[in-house]
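First comes the structure, then the notes that go with it.
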2 protein chains.
Amino acid sequence: MDNPLALKLSSFTDLSGGDLAALDAVIGTPILRDAHSDLIQDGERPEKVILLLRGWACRYKVLEDGSKQIIAYLVPGDLCDPHVFILDAMDHSIGLLTDAALAFISRDAIIHLTDCCPKIARALWWSTLVDEAVLRHWLVNLGQRDAFDRVAHLFCELWDRLRQVGLKEDDELEVPLTQEQIGDTMALTTVHVNRVIQRMRTEGLVSIKRKKIRVHDLPRLRELCGYDPSYLHLRRRSQL
Amino acid sequence: MDNPLALKLSSFTDLSGGDLAALDAVIGTPILRDAHSDLIQDGERPEKVILLLRGWACRYKVLEDGSKQIIAYLVPGDLCDPHVFILDAMDHSIGLLTDAALAFISRDAIIHLTDCCPKIARALWWSTLVDEAVLRHWLVNLGQRDAFDRVAHLFCELWDRLRQVGLKEDDELEVPLTQEQIGDTMALTTVHVNRVIQRMRTEGLVSIKRKKIRVHDLPRLRELCGYDPSYLHLRRRSQL
DNA sequence: AAAGCTTCATGATGCATGTTATTGTGCAAC
DNA sequence: GTTGCACAATAACATGCATCATGAAGCTTT
């Protein structure tokens, strides 16, 4: 299965052959885009729903003073806001972190998909509810945890989410994020992100080489930062 | 109109008489509950959807170390998670901040309501999307703004949301929150919340007396903290 | 009206994290 | 292979907010 959306939804429910075919049908030929371009900008009115097939994107908001907050990551299989048409205008931007392959899905295709495949409709519901749960969890992180725990939580979450779409082998995690982007996510400066990562290194928790994070001691990392993946609402207990 | 849900949804779309009747029908006799009780707790499986008719509630999460983060406020007219049945278990709690009147709505009633009244279905969609937008906005607040701006933003947001359901007269805002709860919301200590409020007072922005906040200079408060209500996606420009 | 509790007010001190600056390192362009 | 650039590493210093402590003010209970 090379359709990452199908893979992701399969981790919620069993999809029939017809469901899988319907999911493949909405994709069409992937559209390629370069890193650092915006898929949609704050204030624009969305015309299509975006499905990320390859690469990474993020939701973010830039304030008047230039400070930037990353609000969510989109990884392969993530579909942004299937019902965004109801709103008038975007209240944040979506930008690409890497080169990417996308499918733009029309409103009508979404409606058709959910009308004819109730299992998919339900799985998409699950997916949007999980997105919201992740957002709540990030809020708790920013509000209540210190720098180390925030960064550790991010690594643990990405670990679980990437495994879900088959993008992680062994104990290596390919995370195409600069320390600045990690800082914009967890509301830290690059300097401090660096301090935290140094500490993780010296404590033998992770090693990072060219944007590949090798986690040496996942159980300990999880325990140190109090990570509990239940907010991801993964249905199937997949193997560690 | 004394149905706050109908009032709130009306700020998104015009509802027919039949729609309004359907919204009234799901309410039944209100259930009264005392302040400080939990409507549902972290880890529980939800059986009903909760509609808040009178009083205030909040979503919150308590960490192992006892620290608490308030994730959202529910005010009259707010309906929590119409599709929460899809998830297995709550990943946070919902607690009452004041005495309250509630309607518990069954899953079937929700399904029936949305099946037979497409305008309501759409308006509920809008409402959940707005809830999510508020959550994103809070994340940006916690990540990028200082204590003063965070508290000011909260006041501005509550102003707009309460006006939407007809709970605000003149320039007075009845907000039944202690400084500790404001702190748990905006990730500040009570001490620092107090300092911020003192500053607002001495600058002539607000005066607070027995949990009623009188805002003397809303335009200036908004400007000082960079408030932009577009994230609330209010359709109708109501009068200030 | 005293006692007890919750909430608010305010000062002294410390720390986690921000700010500014400098240097190193690896990759890309030419 | 030199230049330039993005990213990472690290040091010195600054600060917003937390922590700890104390007291006052207002309610509730008895």
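Scope of the values below: all heavy atoms of this structure, side chains included, with no hydrogens, waters or symmetry mates. Letters go in sequence order (proteins before strands), and every chain restarts at 1.
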Gln181(B) atom CD is separated from dC8(C) atom P, nearest whole Å, by 9 Å

Will you find, in the side chains of Arg195(A) and His192(A), an N or O donor that is under 3.5 Å from an N or O acceptor? yes

Along DNA chain C (nearest heavy atom to each residue), the more 5'-positioned of Phe148(A) and Val191(A): Phe148(A)

In whole angstrom, give the distance that lies between atom CD of Gln198(A) and atom P of dA11(D). 10 Å

For Asp99(B) and Ala35(B), indicate whether the former's side chain and the latter's backbone hold a donor-acceptor pair under 3.5 Å. yes

Scan Leu188(A) against the nucleic acid and name what it touches under 4.0 Å (heavy atoms): base, sugar-phosphate only, or nothing. sugar-phosphate

dA6(D), OP1 or OP2 - any side-chain N/O from Gln179(A) closer than 4.0 Å? no

Can you check the Met186(A) CE to dG18(C) C1' distance for me, whole Å? 18 Å

Mind calculating the distance between CG (Asp65(B)) and C1' (dT19(D)) to the nearest angstrom? 14 Å

Flag the pair Phe155(B) / Leu205(B) as yes when at least one side-chain heavy-atom distance between them is below 4.5 Å, and no otherwise. no

For atom CG of Asp146(A) and atom P of dA18(D), their distance in whole Å: 14 Å

Separation of dA8(D) P from Lys209(A) NZ (nearest whole Å): 15 Å

For a quick check, tell me whether the side chain of Arg195(B) and the base of dG16(D) share a donor-acceptor pair closer than 3.5 Å. no

At under 4.0 Å between heavy atoms, what does Thr189(B) touch on the DNA or RNA strands: base, sugar-phosphate, or nothing? base

I want to check one thing: is the phosphate of dC8(C), taken as OP1 and OP2, less than 4.0 Å away from some side-chain N or O of Asn194(B)? no

Looking only at the side chain of Glu180(B) (C-beta and beyond, no hydrogens), which of the listed nucleotides dC17(D), dT7(C), dT17(C) gets closest? dT7(C)

Passes salt bridge (Lys or Arg N to Asp or Glu O under 4.0 Å), Arg59(A) versus Asp81(A)? Steps please. CA-CA 11 Å; Arg59(A) 297 175 192 280; Asp81(A) 316 309; 3.1 Å; yes

Tell me: CD1 of Ile197(B) to P of dT10(C), nearest whole Å? 12 Å

Round to a whole Å and report the spacing from CZ of Arg145(B) to P of dC17(D). 14 Å

What residue among Gln69(B), Lys61(B), Arg136(B) forms side-chain contact (heavy atoms from CB on, under 4.5 Å) with Leu139(A)? Gln69(B)

